[in-house]
Visitor: 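Provided herewith is a single structure, encoded as structure tokens, for subsequent inquiry.
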Amino acid sequence: VECWAATRIPAFDLAETVRFLIASRFVGSHDIDGMAFVVTGTDVGGIRERVDTDGPSTGMHHLQFDAVIHMHPTQVTGS
């Protein structure tokens, strides 16, 4: 997962919020557009930080972290 912002604080806040939501809210049953699945666990890595020095995001704070989402399909109930 990658997060960018003009300064470090909003980029870090965004990365921390997304990490928290993945770790705390993804586990459970989901049904999106008729595709049912169960998330049985998540593994969220630490935040890596750098400042982009080239390309369209030059000078922006760039934070990254890894997230592994363990899931399997389920049967869709209903009609």
Side-chain angles (χ1 to χ4, degrees):
V1 176
E2 300 187 29
C3 303
W4 285 274
T7 60
R8 183 183 186 277
I9 293 173
F12 187 81
D13 288 347
L14 176 60
E16 277 293 294
T17 300
V18 173
R19 287 177 74 236
F20 171 79
L21 291 173
I22 290 172
S24 66
R25 303 246 176 122
F26 270 31
V27 174
S29 297
H30 303 275
D31 185 356
I32 300 174
D33 294 331
M35 183 174 60
F37 58 95
V38 175
V39 175
T40 58
T42 60
D43 296 311
V44 182
I47 294 175
R48 297 178 300 277
E49 181 178 12
R50 69 183 180 89
V51 175
D52 289 343
T53 57
D54 62 347
S57 58
T58 299
M60 295 189 76
H61 288 261
H62 182 193
L63 288 85
Q64 303 171 311
F65 65 91
D66 297 324
V68 178
I69 301 168
H70 308 276
M71 61 185 186
H72 61 83
T74 61
Q75 293 286 11
V76 177
T77 58
S79 53

Visitor: When rounded to the nearest 0.5 angstrom, what is the spacing between OG1 in Thr42 and CZ in Arg25?
Guide: 13.0 Å
Visitor: Look at the side-chain heavy atoms of Ile, Leu, Val, Met, Phe, Trp and Tyr, link any pair under 4.5 Å apart, and say whether Ile32 and Val39 land in one connected group.
Guide: yes
Visitor: Please report the shortest heavy-atom distance between Val38 and Ser29, naming the atom on each side.
Guide: CG2-OG, 3.8 Å
Visitor: Would you compute the distance between atom CE of Met71 and atom OG1 of Thr40 and round it to the nearest 0.5 angstrom?
Guide: 10.0 Å
Visitor: According to a 4.5 Å side-chain heavy-atom criterion applied to Ile, Leu, Val, Met, Phe, Trp and Tyr, with indirect links allowed, do Ile69 and Val18 form part of one hydrophobic cluster?
Guide: yes
Visitor: Indicate if Phe26 and Phe37 have the same hydrophobic cluster label, given that clusters are the connected sets of ILVMFWY residues with side-chain heavy-atom separations under 4.5 angstrom.
Guide: yes
Visitor: Would you compute the distance between atom CG of Asp43 and atom CG of Asp66 and round it to the nearest 0.5 angstrom?
Guide: 10.5 Å
Visitor: Is there side-chain contact between Ile22 and Phe65, with heavy atoms separated by less than 4.5 Å?
Guide: yes
Visitor: Report, one line per pair, each donor and acceptor closer than 3.5 Å where one atom sits in a side chain of residues 6-15; sequence neighbours left out.
Guide:
{"residue": "Arg8", "atom": "NE", "partner": "Glu49", "partner atom": "OE1", "Å": "3.1"}
{"residue": "Arg8", "atom": "NE", "partner": "Glu49", "partner atom": "OE2", "Å": "3.0"}

